[in-house]
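Let me begin by presenting the structure, written as C-alpha cells, before commenting on it.
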Amino acid sequence: MTTLDTTEPSGMIMTKTADNTGTLAKAATAARAGEHETKISAAGVSVFYGEKQALFDVTIDIPARQVMAFIGPSGCGKSTFLRCINRMNDTIDICSVKGRIEIDGADIYDPKIDPVLLRARVGMVFQKPNPFPKSIYDNIAYGPRIHGVAKAGSAMDEIVETSLQRAGLWNEVKDRLHEPGTGLSGGQQQRLCIARAIAVNPDVILMDEPCSALDPIATAKVEELIDELRTRYTIVIVTHSMQQAARVSQKAAFFHLGNLIEVDETDRMFTNPTDQRTQDYITGRFG
Amino acid sequence: MSVSLLFAIIMALALVGYLLGRANASALKSSGNTLHSIPPYHGYYVALWCGLPAFVLVLIWQAAQSSVIDQLLIASLPAHLTEGVSAARISLVLGEIKNVAAGRLFGTPEPAVLAAAERYASMQSTASLALVVCTLAVAVAGIAFARARLAPDFRARNNVDNILRWLLIICSVLAVLTTLGIILSLVIESLAFFSRVPVLEFLFGMNWSPQTPIRADQVASTGAFGAVPVFWGTIFISAIAMFVALPVGLFSAIYLVEYADKRIRSIVKPLLEILAGIPTIVYGFFAVLTVAPFIREFGLSLGLDVASNSALAAGGVMGIMIIPFISSFSDDAISAVPQSMRDGAYALGATKAETIRQVLLPAALPGIVGGVLLAVSRAIGETMIVVMAAGLTATLTANPLEGVTTVTVQIVTLLIGDTEFDSPKTLAAFGLGLVLFISTLALNIVALQVVKRYRERYE
C-alpha cells in the first residue's frame with residue numbers, strides 16, 4: 001500500500017497556495033529566461049521497499065515540453081523515481097512513497113486522484129518492448145477503448161493512424177495493421193509501445209531505458225522520435241547511456257545511491273559538472 | 001536360496017567388481033600411466049558388467065523355470081495320466097502333484113502322482129541350485145571380462161555412458177511396448193465385437209440393453225447395442241462437471257495469481273491441490289451418500305421428481321474433483337504471462353479487472369484451454385464416482401435430475417459377475433473401451449499441442 005502524506009487540511013491549502021504562487025513565480029522566471037514552465041514538481045520524495053529506503057528526499061522540477069534525462073549507475077533510484085510519477089509503484093505491494101509530487105500544480109498522491117486516470121495522462125514506455133499479444137491495431141486501440149475516448153469505427157481508425165504516424169511507424173505497418181504486434185522487430189515493437197502510449201493523449205511520457213534492448217539502428221530511430229515528440233509532450237527518460245542523454249535531452253538529473261546529486265542543462269552538466277561524483281560518473285570513473 | 005538373497009549377492013559382487021576395477025585403474029595410474037578415464041569409471045564399468053548380465057539372467061530364469069519344469073514333469077508322467085485327456089485335466093494333475101510336493105495331501109494320491117511329486121521336488125531344488133551357480137558364474141565371468149579390458153587408454157567413461165544409454169532405451173521401449181500391447185488387445189477384442197454387432201449400429205443405435213443370457217435357460221433381453229445413450233451420458237455428466245469446475249477453477253486461479261497476497265496464496269493453493277489427492281472412491285461415496293440425497297430432498301421439497309442416482313450429483317462431485325486441474329493449469333498459464341504485460345496495461349491506465357480480462361486472459365488462453373481439455377479427458381475417463389453415483393440405465397435425457405449411465409459404468413457392469421468372453425455382452429466392453437480410448441487420446445493430443453504452442457510464445 002502507498003502511504004500518503006497526512007497533512008492538516010488547513011496546512012494543505014496553505015501549502016497549495018504557497019506552491020502555486022511558487023510555481024507561478026518560477027514559470028514567470030522561466031518565461032523571462034526563454035525557458036519552459038514547470039510541468040512536474042517533486043518535493044522531498046522518499047521511497048521505501050519494505051524496510052529498505054531506495055530514494056532519499058528528492059526535490060526536482062521537470063520542465064514542460066522538454067526531454068529530461070535521469071542518469072546514474074544501476075540501483076541509484078532513477079527508475080524508482082520515474083515510477084513514482086505515474087504511480088506505477090502502487091502496483092508493488094511493499095512499496096511506499098513519501099513526499100509530494102505535483103503535475104500542473106495538482107498533488108498526484110492526493111486520495112482524490114485516481115491512479116488509473118493519472119496513468120492515462122502520464123504514459124510510460126518500458127525497458128523491454130511489451131506489445132500485447134494482439135494485433136497492431138488493437139495494441140493502439142486498447143487505451144482509447146478502455147478510457148472511452150473513441151468507439152470502434154472511423155474515430156478509432158483515426159486515433160490509430162495519428163498515433164502510429166507520430167511514432168514514425170505508420171509507413172512500416174499500415175498494410176498489416178491486423179497482424180500481431182509481437183511479430184514486429186524489436187525497434188518497431190518499441191515504437192509501437194510509444195504509439196500505444198501516445199494514443200491515450202498523455203501530457204507526459206515516461207521512458208524507462210527505452211533503447212536498452214534495441215540495436216544501434218533501432219536506437220537511432222527511437223531517439224529521433226523522442227526528439228520530435230518533445231514539441232508536444234513532456235518527456236522523462238531514464239538512460240544508462242551518457243551519449244544518449246547527451247543526444248536527446250535538454251536537461252539532465254544525476255542520481256547516486258538514492259540521492260539526487262545534480263540537476264542542470266545537459267550541455268552544462270556534461271561539460272562542467274559541479275559535483276565531484278557527477279564528474280566521476282560522466283568521465284567513466286565508476287558506474 | 002531365495003531370489004532376494006540372490007539379488008543381494010549380485011549387488012555385493014557388483015560392489016566387489018567396482019572396488020576391483022577402481023583398484024586396477026589406480027594401480028595403472030600409480031605405475032606412471034595416463035588414464036583416459038578416472039578410476040571410479042573403471043570401477044563402474046566392471047560393476048555394470050558384473051551386475052547387469054546376472055540380473056537379467058535371474059529374471060529370465062524366474063520367468064522360464066516353472067513352465068520348463070512343468071513340461072519335463074508332464075513328459076515324465078505315465079501314459080494313463082496324460083494320453084487322450086484335455087489340457088484342463090493335465091493342469092489339474094499338475095496342481096495335485098505340486099500340492100503333494102508341498103505337503104498338502106488330500107485323500108490318498110495315486111502312486112504315480114506321489115512319484116511325480118518327488119521328481120518335482122528334486123527338479124525344483126536342482127533348478128534353484130543351478131540358478132545360483134549359473135548366476136554367480138555369469139557375475140564372476142562379467143568381472144573377469146571387464147577387468148581384462150581395463151587399460152590406460154580404455155574409454156571406461158564413454159563405455160559406462162553407452163551402457164547407461166542402452167538401459168534407458170530399454171526402459172522406455174518397455175513402456176511403449178506395454179501401451180502397444182494394451183491398444184492391440186483393445187483393437188482385437190473390439191474387432192471380435194464388431195464382427196457380431198455392426199459398427200454403425202453400435203455407434204449410432206439409440207437403444208442400449210446389453211444383458212444377453214449366458215445360458216440357454218436364462219431369461220434376459222435379446223441384447224441391443226446402440227451406444228448413443230451411453231455416449232450421451234458420458235458427455236452429459238462431463239459437461240455438468242465442467243460447468244462446475246471451469247468457473248470455480250479459473251476464478252480461483254485468477255484470485256490466487258492476481259489478487260491474493262503471498263500468505264493467503266501459500267495457504268489456499270495447497271488446500272486446493274488437496275482436492276486432487278482425494279481418492280476417487282471417496283468422492284464416490286461423498287456423491288452417493290451426501291450429495292445425491294441432498295439433491296433429492298431438495299428437489300422433492302420443490303415438488304420435483306429427482307432420481308436417487310441423478311446426473312447432477314455425479315457430475316457435480318466430478319466437477320469438484322476436477323477443480324484443481326483447471327486451477328493449477330490456469331494458475332501456471334496466468335503466472336507465465338510476463339509482468340511487462342501487466343505493467344504495459346497499468347501504464348495505459350487500465351484497472352486491474354480490465355488488465356485481467358483484456359490482456360492476461362487472452363494471453364493465457366492457450367494454456368487455459370490446454371488445461372481444460374486435459375480436465376475434460378479426465379472427466380470422460382473417470383470411473384469410480386460415476387459407478388457409485390450415476391445410474392445404470394441408459395436414458396437419453398437432458399434433465400440433470402434423472403439418472404444417466406456412462407461408458408465407464410457400462411464397461412464395469414459388463415465385465416463383473418458371470419461373464420463369458422465370447423458373448424457380444426462382454427465384448428461390448430472392449431468396443432466401448434476403444435471409443436473411450438480414442439476420444440481421450442484425441443483430446444490429450446490436441447491439449448498438448450495447444451499447451452506447447454503457448455509455451456513457445458514467450459520463450
Side-chain angles (χ1 to χ4, degrees), chain A residues 1 82-83 85-94 114-135 138-149 180-183 189-190 192-202 204-208 213, chain B residues 254-269 329-371 449-459:
Chain A
M1 278 303 294
L82 191 77
R83 290 168 64 95
I85 301 174
N86 66 345
R87 293 185 60 176
M88 276 300 277
N89 284 332
D90 290 18
T91 61
I92 301 171
D93 283 339
I94 55 165
D114 179 359
V116 166
L117 293 179
L118 171 73
R119 287 183 204 132
R121 284 179 56 211
V122 185
M124 188 160 193
V125 177
F126 296 85
Q127 197 167 350
K128 254 178 73 184
N130 58 349
F132 301 132
K134 298 172 186 279
S135 71
D138 285 334
N139 261 286
I140 309 290
Y142 181 75
R145 213 173 267 156
I146 56 175
H147 294 295
V149 175
T182 40
Q189 287 189 19
Q190 194 61 300
L192 177 65
C193 293
I194 294 174
R196 185 174 72 183
I198 291 173
V200 289
N201 201 22
V204 180
I205 301 176
L206 308 175
M207 298 188 177
D208 191 355
Chain B
I254 291 175
Y255 170 72
L256 286 178
V257 178
E258 293 299 316
Y259 290 96
D261 65 34
K262 255 191 200 144
R263 205 172 44 88
I264 295 181
R265 185 180 157 86
S266 70
I267 298 169
V268 174
K269 206 172 180 226
F329 263 93
S330 311
D331 190 316
D332 290 349
I334 297 172
S335 312
V337 178
Q339 179 63 30
S340 65
M341 292 289 130
R342 296 178 181 83
D343 285 347
Y346 291 141
L348 287 171
T351 62
K352 202 152 195 170
E354 282 166 347
T355 305
I356 291 167
R357 215 171 56 239
Q358 294 158 353
V359 176
L360 296 186
L361 285 186
L365 194 65
I368 296 172
V369 169
Q449 284 300 319
V450 170
V451 171
K452 201 169 120 199
R453 196 170 303 161
Y454 119 90
R455 287 233 170 95
E456 283 163 0
R457 201 155 174 177
Y458 291 117
E459 271 165 11

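Chain letters run A, B, ... following the sequence lines, proteins first, then strands; residues in each count from 1. Here the structure is a predicted model, which is why all the values come from computation and not from measurement.
B:Met341 and A:Pro133 get closest at one heavy-atom pair: SD-CD, 3.6 Å.
To the nearest 0.5 Å, atom CG of residue B:Leu360 and atom CD1 of residue B:Ile254 are 8.5 Å apart. In this structure, B:Arg265 CZ and B:Asp331 CG are separated by 4.5 Å, a value rounded to the nearest 0.5 Å. Here the OH atom belonging to B:Tyr346 is positioned 4.5 Å from the NZ atom belonging to B:Lys352, to the nearest 0.5 angstrom. Note that CZ of A:Phe126 and CG of A:Leu206 are 9.0 Å apart. Values are rounded to the nearest 0.5 Å. Here the CD atom belonging to A:Gln189 is positioned 9.0 Å from the CG atom belonging to A:Asn130, to the nearest 0.5 angstrom.
Of the atoms belonging to A:Val122, it is backbone heavy atoms, and not side-chain ones, that fall under 4.5 Å from chain B. With a threshold of 4.5 angstrom between heavy atoms, A:Leu117 does not approach chain B through any atom at all. For A:Arg83, the part sitting under 4.5 Å from any heavy atom of chain B is the side chain, from C-beta outward, and nothing else. In this structure, no portion of A:Pro129 lies under 4.5 Å from any heavy atom of chain B. If you measure heavy-atom distances from A:Phe132 to chain B, the contacts under 4.5 Å come from both the backbone and the side chain.
The most heavy-atom pairs under 4.5 Å with chain A, out of B:Glu354, B:Arg342, B:Lys262, come from B:Glu354. Per-residue heavy-atom pair counts under 4.5 Å with chain A were compared for B:Thr351, B:Asp261, B:Leu348, and the maximum is reached by B:Leu348.
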